[in-house]
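To keep things clear, I will list the structure first and then write my remarks on it.
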2 protein chains.
Amino acid sequence: MKDILKNINKAFENKVRLGVMSALMVNEYVSFNELKELLNVTDGNLASHLKGLEKEEYIVVYKEFVDRKPNTKYAATSVGKEAFKKHIEALEKLIGGK
Amino acid sequence: MKDILKNINKAFENKVRLGVMSALMVNEYVSFNELKELLNVTDGNLASHLKGLEKEEYIVVYKEFVDRKPNTKYAATSVGKEAFKKHIEALEKLIGGK
DNA sequence: TTCATTTACTTTGTATTTCAAAGTGAATAA
DNA sequence: TTATTCACTTTGAAATACAAAGTAAATGAA
């Protein structure tokens, strides 16, 4: 069990970050506003979690203008996807009894 | 996704509490020392997480003497088991794409 | 041109959480 | 009597999470 627990990634323990990552596993790009709506969080809160994931290089940012409005979208890096998969696998093992 | 996220239980977000609960899902009783060894945590840390789970009534304590030594063991309540299952289901749904 | 609005933040400050380390009381062991 | 073990509790520091308010850059409306 110790070995399983050590694959539980602190960066993904939080609900918001879990939500961000799973959104980015399913959709290649998700915008700031979509995430905000999806996760029901404030701008500041979301921004800080995104920054945390960015710092770990689990996600990357793309900034552009869409319909003449600034638009920031995020994508999971391959490192991020791998790390998230490991985390999920650890959870599954833990749950699946030992 | 909002509805899934709201089933993510804050009480189980932490690694130690995740470990405690999954140990108690598989084994009816687990002692303080077994948990400590299993989870690789200090007494104080473990005690505080156990107390948190106890406060939520997700686990119960049994105190007795075994081989003339004090022994404290823990078990998940049915409420705790249900809550943990819900949490796990939410995680699975989240991961299983949306 | 000026003012308002939107986006995507940053900053600030507070509250909560987490954790290790040290201390404690009750019991047994030497 | 002193030491040791168990299962904590207390203390305190550090990290985390969060809302609220503030901000810059761009567009839109008057």
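Excluded from the calculations below are hydrogen atoms, water molecules and symmetry mates; all remaining heavy atoms, backbone and side chain alike, are included. So that the names make sense, note that chain A is the first sequence line, chain B the second, and so on, each numbered from 1. Not measured: the values here are computed from a predicted model.
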Could you please name the option among D/dC8, C/dT28, C/dT7 that lies closest to any side-chain atom of A/K69?
-> C/dT7

Polar pairs (N or O, both sides) under 3.5 Å between protein and nucleotides 17-20 of chain C?
{"from": "C/dT18", "atom 1": "OP2", "to": "B/R17", "atom 2": "NH1", "distance (Å)": "3.4"}
{"from": "C/dT18", "atom 1": "OP2", "to": "B/R17", "atom 2": "NH2", "distance (Å)": "3.3"}
{"from": "C/dC19", "atom 1": "OP2", "to": "B/N14", "atom 2": "ND2", "distance (Å)": "3.3"}
{"from": "C/dC19", "atom 1": "OP2", "to": "B/H49", "atom 2": "NE2", "distance (Å)": "2.9"}
{"from": "C/dC19", "atom 1": "O5'", "to": "B/N45", "atom 2": "OD1", "distance (Å)": "3.3"}
{"from": "C/dA20", "atom 1": "OP2", "to": "B/T42", "atom 2": "OG1", "distance (Å)": "2.8"}

When you measure from the side chain of B/R68, which nucleotide among D/dA26, D/dC8, C/dA29 comes out closest?
-> C/dA29

Is there a donor-acceptor contact under 3.5 Å from the side chain of A/E13 to the main chain of B/K15?
-> yes

For A/E54 and C/dC9, give me the distance from atom CD to atom C1', rounded to whole Å.
-> 11 Å

Consider the side chain of A/N33, meaning its heavy atoms from C-beta on, and name the nucleotide among C/dA27, C/dT10, C/dA8 that approaches it most closely.
-> C/dA8

Base, sugar-phosphate, or nothing: which does A/K63 touch, judged by heavy atoms less than 4.0 Å apart?
-> sugar-phosphate

Is there a path from A/I59 to A/V79 through hydrophobic residues (I, L, V, M, F, W, Y) whose side chains come within less than 4.5 Å of each other?
-> yes

Taking only side-chain nitrogens and oxygens of A/Y74, does any of them come within less than 4.0 Å of OP1 or OP2 of C/dC9?
-> yes

Which residue, A/P70 or B/K73, contacts DNA chain D at a nucleotide closer to its 5' end, judged by nearest heavy atom?
-> B/K73

Side-chain contact check for A/T72: nearest option of D/dC6, C/dA27, C/dA8 is C/dA8

Under 4.0 Å between a side-chain N or O of B/Y62 and OP1 or OP2 of D/dA7?
-> no

Results of ring-ring contact (aromatic ring centres under 6.0 Å, His included) for A/F12 - residues two or more places apart only | A/Y58, A/F84, A/H87

In whole angstrom, give the distance that lies between atom CD of A/E64 and atom P of C/dT7.
-> 15 Å

Are the charged groups of A/K73 and A/E34 less than 4.0 angstrom apart, N to O?
-> no

Please round to the nearest 0.5 Å and tell me the distance separating atom CE of B/M25 and atom CG of B/N27.
-> 11.5 Å

